Amino acid sequence: MAAGIVVAGASLGGLRAAEHLRAAGWTGRITVVGDEPHMPYNRPPLSKEVLSGKTPFASLAFTPKPAAADVEWRLGTRITAARLDERTVTLDDGSLLPYDGLVVATGMRPRRLRCPGPLTGRHTVRTLDDARRLRDELTRPGARVVVVGAGFIGCEVAATAVALGVAEVTVVDPLPLPMVGPLGELLGRALLKRHEERGVRFVLRAGVAGFHGDERVTGVELSDGTVLAADVVVESVGSQANTEWLDGNGLDLSDGVLTDESLRVGGRPEVVAVGDVARFPNARYDGVPRRVEHWSIPTDTAKHAAKTLVGADPGPFAPLPTFWSDQHDFRLQSFGAPALGLADVRVLDGDPAGDVLVGYHADDRLVGVVALGGQPAARLAARYRAHLLQQPALTA
């Protein structure tokens with residue numbers, strides 16, 4: 001019996017890879033291996049609707065398309081190593097799983113702070129089980145919450161905590177504004193004002209030196225010696241790629257898994273990578289390989305990689321990254337690559353105090369838009385999608 005295709009990772013990227021392999025004509029075996037015990041589920045609601053209790057945990061699971069009904073799922077199983085020359089992966093029980101084709105879809109995991117102090121009371125938000133544990137703590141009467149990191153997840157959790165009636169919510173970040181890295185100062189200032197108006201306290205330009213408490217956290221010590229009282233700490237300080245199992249194969253794993261424009265890994269026609277673990281060149285922009293941690297990327301990469309793996313010509317890979325973030329009563333909606341245009345940010349419509357559409361430019365060309373506000377702002381951003389799709393590639 002042929003070994004078939006092994007998909008390493010059972011999140012959205014792994015599911016979409018299996019579905020698109022069938023759509024691309026692969027009729028052989030497909031085995032999806034994932035370390036969580038759950039079938040693939042929708043992660044963005046974890047820090048918002050699920051954490052707030054508005055969306056039940058059971059509603060998050062994706063339903064595989066009928067064409068992928070015969071896919072074998074090995075859940076609660078971790079891949080610990082790979083021998084690409086021998087076309088095998090090693091499972092956590094020591095057994096070897098051979099393959100004819102391999103899809104790397106192992107995704108990311110949260111970074112953790114390496115600071116002295118207790119571990120109990122410290123949380124991340126990446127998995128279903130993470131959200132369950134954190135919700136139990138946020139609903140304790142009088143809880144004082146410190147969120148470390150003012151990025152997307154950090155700000156979403158802070159907004160959700162306020163909505164739940166948490167006694168105190170403080171966000172700590174070494175940068176001067178929330179989300180200033182991906183969005184720039186203009187929207188960073190607007191977001192800071194909106195969060196503060198809704199009850200979130202920010203301590204910016206501050207790092208974390210350690211955690212106070214015996215068995216569980218009772219306080220967060222900042223780099224200047226200040227101690228913030230805390231019953232619950234949420235660490236939202238970025239993520240790191242799950243690539244250790246690929247060590248020893250001569251691959252570039254410095255930031256995820258480096259691929260070519262067809263999403264092949266290490267020049268091997270039988271190995272591809274999908275989702276936010278893949279560092280790929282985007283023909284829409286400058287050809288520099290980058291990882292993209294947006295919800296649209298698992299599906300975009302899976303469709304392209306599936307064609308590559310079955311030997312079809314996928315054509316140029318030029319996805320348009322898309323993300324949104326719901327916080328309090330407003331939404332951030334983005335199309336394109338704002339991070340490539342942070343040197344030239346312009347208000348295209350509206351006002352930062354209300355609904356606003358912001359454009360990001362490189363070489364005087366629009367490369368990304370972000371809307372902040374209610375549904376009118378999101379509709380404005382959507383109008384620019386076609387324009388962005390028609391933009392020529394940037395000069396490398």
Side-chain angles (χ1 to χ4, degrees), residues 46-48 51-52 110-126 130-131 133-135 137-214 216-239 325-330 332 342 352-353 372:
L46 292 178
S47 56
K48 302 181 284 289
L51 205 57
S52 69
R111 292 188 182 277
R112 301 304 300 262
L113 292 169
R114 296 183 178 181
C115 298
L119 295 175
T120 303
R122 293 167 56 184
H123 298 262
T124 60
V125 184
R126 176 70 182 181
D130 289 341
R133 286 190 290 266
L134 179 56
R135 175 163 171 76
E137 297 234 37
L138 292 181
T139 52
R140 292 168 51 200
R144 298 164 299 178
V145 178
V146 172
V147 179
V148 184
F152 289 100
I153 298 299
C155 286
E156 288 173 358
V157 170
T160 302
V162 166
L164 285 171
V166 169
E168 297 176 12
V169 181
T170 304
V171 178
V172 177
D173 197 283
L175 296 176
L177 292 167
M179 287 178 276
V180 67
L183 299 180
E185 292 186 8
L186 191 153
L187 285 183
R189 287 192 297 270
L191 287 164
L192 176 63
K193 184 173 185 295
R194 292 173 189 235
H195 276 278
E196 288 180 333
E197 288 174 345
R198 290 159 176 81
V200 180
R201 175 192 176 200
F202 282 81
V203 180
L204 300 169
R205 303 181 189 272
V208 173
F211 298 97
H212 287 208
D214 295 324
R216 66 171 293 129
V217 169
T218 59
V220 179
E221 183 174 343
L222 304 183
S223 50
D224 64 359
T226 302
V227 177
L228 304 176
D231 306 295
V232 182
V233 173
V234 181
E235 298 176 40
S236 180
V237 292
S239 54
S325 176
D326 293 317
Q327 301 171 27
H328 301 290
D329 53 354
F330 58 83
L332 283 159
L342 289 174
L372 171 61

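It should be emphasised that the depicted structure is a prediction, and the values quoted were computed from it without experimental measurement. Residue indices begin at 1 and follow the sequence shown.
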Legend entry - From CA spacing to verdict: side chain to side chain contact (heavy atoms under 4.5 Å, CB included), Val166, Val232: CA-CA 10 Å; Val166 169; Val232 182; over 6 Å; no

Locate the shortest heavy-atom distance separating [X] from [Y]; write the atom from each residue and the value.
{"X": "Ser236", "Y": "Ile153", "value": "OG-CB, 3.5 Å"}
{"X": "Arg126", "Y": "Asp130", "value": "N-OD2, 3.0 Å"}
{"X": "Leu113", "Y": "Glu235", "value": "N-OE1, 2.8 Å"}
{"X": "Arg135", "Y": "Leu51", "value": "NH1-O, 2.9 Å"}
{"X": "Val169", "Y": "Ala161", "value": "CG2-CB, 3.8 Å"}
{"X": "Cys115", "Y": "Ala209", "value": "CB-O, 3.9 Å"}

Inset, instruction - Please lay out, stage by stage, how Val200 and Gln327 fare under the test side chain to side chain contact (heavy atoms under 4.5 Å, CB included). - result: CA-CA 11 Å; Val200 180; Gln327 301 171 27; over 6 Å; no

Legend entry - Under the side-chain contact (heavy atoms from CB on, under 4.5 Å) test, residues paired with Ala190 that sit two or more places apart: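 With neighbours one apart ignored, the set is Pro352, Leu372.
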
Inset, instruction - Applying side-chain contact (heavy atoms from CB on, under 4.5 Å), name anything that partners Val217, two or more places apart in sequence or on another chain. - result: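 Partners of Val217 under the side-chain contact (heavy atoms from CB on, under 4.5 Å) test: Pro118, Arg122, Phe211, Ala230, Val233.
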
Check: [Y] main-chain N/O paired with [X] side-chain donor or acceptor under 3.5 Å:
{"X": "Arg205", "Y": "Pro176", "result": "no"}
{"X": "Ser47", "Y": "Val157", "result": "no"}
{"X": "Asp231", "Y": "Arg144", "result": "yes"}

To the nearest 0.5 angstrom, please state how far the [atom1] atom of [X] sits from the [atom2] atom of [Y].
{"X": "Arg216", "Y": "Asp214", "atom1": "CZ", "atom2": "CG", "value": "12.0 Å"}
{"X": "Asp329", "Y": "Arg194", "atom1": "CG", "atom2": "CZ", "value": "8.5 Å"}
{"X": "Thr139", "Y": "Leu134", "atom1": "OG1", "atom2": "CG", "value": "9.0 Å"}

Minimum side-chain heavy-atom gap [X]-[Y] below 4.5 Å:
{"X": "Val220", "Y": "Val172", "result": "no"}
{"X": "His195", "Y": "Val171", "result": "no"}
{"X": "Leu177", "Y": "Leu183", "result": "no"}
{"X": "Glu156", "Y": "Asp326", "result": "no"}
{"X": "Glu137", "Y": "His123", "result": "yes"}

Legend entry - Exercise: do Glu168 and Thr170 side chains pair donor with acceptor under 3.5 Å: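 No - no donor-acceptor pair under 3.5 Å links their side chains.
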
Inset, instruction - Taking atom CG of Asp224 as the centre, report whether more than 12 heavy atoms of other residues, nucleotides or ligands fall under 6.0 Å from it. - result: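 Counting neighbours around CG of Asp224, more than 12 heavy atoms of other residues, nucleotides or ligands fall under 6.0 Å, so yes.
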
Legend entry - Greater than 12 external heavy atoms within 6.0 Å of Glu196's CD: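 Correct, the count exceeds 12.
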
Inset, instruction - Please lay out, stage by stage, how Met179 and Leu187 fare under the test side chain to side chain contact (heavy atoms under 4.5 Å, CB included). - result: CA-CA 8 Å; Met179 287 178 276; Leu187 285 183; over 6 Å; no

